[in-house]
Amino acid sequence: QVQLVESGGGLVQAGGSLRLSCAASGRTDSSYAMGWFRQAPGKEREFVAAINWNSSNKYYAESVKGRFTISRDNAKNTVYLQMYSLKPEDTAVYYCAQRRRVSLSEAVDEYDYWGQGTQVTVSS
């Protein structure tokens with residue numbers, strides 16, 4: 001089993017920044033891909049960003065490209081999501097997830113472990 005715990009969410013004004021962290025424990029394996037997703041009220045969970053094991057490959061949703069940066073520190077078993085220029089439409093619960101594969105994916109059902117989520121609220 002793998003446990004994922006997100007932190008760093010909060011309330012921020014539009015144009016502001018936040019950095020989310022996701023700490024992994026248990027049967028961790030840094031060779032697997034990691035991803036960030038988000039879910040706004042009344043909407044389906046959607047892909048935000050993904051990163052491969054050595055950070056050589058990163059993939060972003062079009063809606064966050066150029067504003068968000070995903071990174072990881074395998075020594076700390078932690079994945080980060082740095083968010084800049086936040087917009088009210090970024091408001092959601094943000095989840096990190098682990099995909100027990102090397103390749104990246106934006107599909108929710110291709111991730112095997114999920115954190116409990118952290119709320120991000122962007123005020124206008």
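Positions are given from 1 along the sequence.
- Other members of the hydrophobic cluster containing Tyr60, listed by chain and number, are Val2, Leu4, Val12, Leu18, Leu20, Met34, Trp36, Val48, Ile51, Val64, Phe68, Ile70, Val79, Leu81, Met83, Leu86, Tyr94, Tyr113, Val120, Val122; membership follows side-chain contacts under 4.5 Å among ILVMFWY residues, whether direct or relayed.
- Contact between Ala40 and Ala92 at its shortest, heavy atoms only, is N-CB, 3.8 Å.
- The distance from atom CD of Gln13 to atom OG of Ser123, rounded to the nearest 0.5 Å, is 5.0 Å.
- The structure places CD of Gln3 at 10.5 Å from CD of Gln98, a figure rounded to the nearest 0.5 Å.
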Between Tyr80 and Arg72, is the side chain to side chain contact (heavy atoms under 4.5 Å, CB included) condition met? List the steps. CA-CA 6 Å; Tyr80 305 96; Arg72 66 190 295 169; 5.8 Å; no

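- Here Asp109 contributes atom CG and Arg99 contributes atom CZ; the two are 9.5 Å apart, rounded to the nearest 0.5 Å.
- In this structure, Thr91 contributes its side chain and Thr121 its backbone to no donor-acceptor pair below 3.5 Å.
- Taking a 4.5 Å side-chain heavy-atom cut-off between Ile, Leu, Val, Met, Phe, Trp and Tyr, the cluster of Phe37 extends to Phe47, Tyr59, Val93, Tyr95, Leu104, Val108, Tyr111, Trp114.
- Residues in residues 48-58 take part in these side-chain hydrogen bond (donor to acceptor under 3.5 Å, both in side chains) pairs, two or more places apart or across chains: Asn52-Asn54, Asn52-Ser56, Asn54-Ser56.
- Legend: residues meeting salt bridge (Lys or Arg N to Asp or Glu O under 4.0 Å) with Glu89, ordered by chain and number and at least two apart, are absent.
- Applying the side-chain hydrogen bond (donor to acceptor under 3.5 Å, both in side chains) definition to pairs two or more places apart or across chains, those involving residues 39-49 are Arg38-Glu46, Gln39-Arg45.
- By the salt bridge (Lys or Arg N to Asp or Glu O under 4.0 Å) test, Arg100 pairs with no residue at all, sequence neighbours left out.
- Remark: Ser63 OG to Lys87 NZ distance equals 8.0 Å, nearest 0.5 Å.
- In terms of heavy atoms, Ala14 sits closest to Ser124 at CB-CA, 4.4 Å.
- Between the side chains of Ser105 and Glu110, at least one donor-acceptor pair of N or O atoms lies under 3.5 Å.
- Interatomic distance, SG of Cys96 versus CD of Glu6, reported as 4.0 Å (0.5 Å rounding).
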